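Worksheet: one structure, shown below.
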Amino acid sequence: MLGSNVIFEKDICIWHPETVSIGNNVYIGHRTMLKGHPKGKLSIANNVWIGQNVFIHSAGSVDIQSDVGIGPSVQILTSSHQITPRTELLLNSPLEFEAVCIETGAD
């Protein structure tokens, strides 16, 4: 879903747009990456400002509520590797997923 009055600056990348929802009056700065994921949802509500070079990975789901400002170069990650002494390679370790919620009015 894409709301009205959404501004995408230059060089925005969106993966899995079917998992991304963007409300009204949203600004997304240049070179921002919205990494949607089949395992989770990325929801951006109304009146949200996202600065340039932001990276959001939503495998565990991300909910950005209304009236939120996210500064430049912020990274929001919803997955991490389970590292144990028996893990030889990071890439071979299992992933953990957690949801992130940025509540109304946060900046």
Side-chain angles (χ1 to χ4, degrees):
M1 180 181 93
L2 181 63
S4 64
N5 195 32
V6 176
I7 298 171
F8 292 104
E9 290 290 349
K10 185 177 178 187
D11 298 327
I12 303 297
C13 295
I14 300 176
W15 287 266
H16 296 283
E18 70 278 8
T19 67
V20 177
S21 173
I22 300 174
N24 301 320
N25 305 315
V26 174
Y27 170 88
I28 301 175
H30 56 275
R31 293 186 306 274
T32 287
M33 291 188 242
L34 303 178
K35 186 121 175 146
H37 197 281
K39 290 184 182 276
K41 302 284 185 198
L42 170 55
S43 176
I44 301 171
N46 300 326
N47 307 313
V48 172
W49 186 92
I50 298 174
Q52 69 271 17
N53 298 312
V54 170
F55 179 77
I56 300 174
H57 185 271
S58 63
S61 292
V62 174
D63 180 18
I64 301 171
Q65 297 179 355
S66 296
D67 304 311
V68 167
I70 298 174
S73 300
V74 168
Q75 294 185 11
I76 300 171
L77 307 173
T78 61
S79 64
S80 64
H81 289 271
Q82 297 174 4
I83 300 174
T84 66
R86 296 174 49 183
T87 304
E88 292 184 23
L89 294 173
L90 180 67
L91 293 177
N92 293 337
S93 64
L95 285 171
E96 297 177 321
F97 301 96
E98 291 289 334
V100 169
C101 178
I102 302 174
E103 295 182 351
T104 299
D107 55 15

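If you read the sequence from its start, that first residue is 1, and numbering goes on from there. The figures here come from the full heavy-atom set of this structure, side chains too, leaving out hydrogens, waters and symmetry mates. None of these values were measured; they are calculated from a predicted model.
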For the student: nearest non-hydrogen atoms of [X] and [Y], plus distance:
{"X": "K35", "Y": "H57", "answer": "CG-CD2, 3.6 Å"}
{"X": "G29", "Y": "E9", "answer": "C-CB, 3.7 Å"}
{"X": "V48", "Y": "D67", "answer": "CG2-N, 4.4 Å"}
{"X": "I50", "Y": "I44", "answer": "CD1-CD1, 3.9 Å"}
{"X": "A59", "Y": "F97", "answer": "CB-CE2, 3.5 Å"}

Rounded to the nearest 0.5 angstrom, the CD1-CG distance for I22 and L42 is 7.0 Å

Taking atom CD1 of I102 and atom OG of S43, what is their separation to the nearest 0.5 Å? 11.0 Å

Would you say [X] and [Y] make side-chain contact, with heavy atoms under 4.5 Å?
{"X": "N25", "Y": "V6", "value": "no"}
{"X": "I70", "Y": "I76", "value": "yes"}
{"X": "P38", "Y": "H16", "value": "yes"}
{"X": "C101", "Y": "Q65", "value": "yes"}

Partner residues of N53 under the side chain to side chain donor-acceptor pair (under 3.5 Å) criterion, sequence neighbours left out: R31

Apply side chain to side chain donor-acceptor pair (under 3.5 Å) to E98 and list each qualifying residue two or more places apart in sequence or on a separate chain. none

Same cluster or not: I12 versus V68, using hydrophobic residues (I, L, V, M, F, W, Y) connected whenever any side-chain heavy atoms lie under 4.5 Å apart? yes

Whether N46 side chain and N24 backbone form a donor-acceptor pair below 3.5 Å: yes

Only counting residues at least two apart or in another chain, list the ones meeting ring pair (Phe, Tyr, Trp, His ring centres under 6.0 Å) with W49. Y27

Which of these, T32, L34, I28, sits in a side chain to side chain contact (heavy atoms under 4.5 Å, CB included) with I14? L34

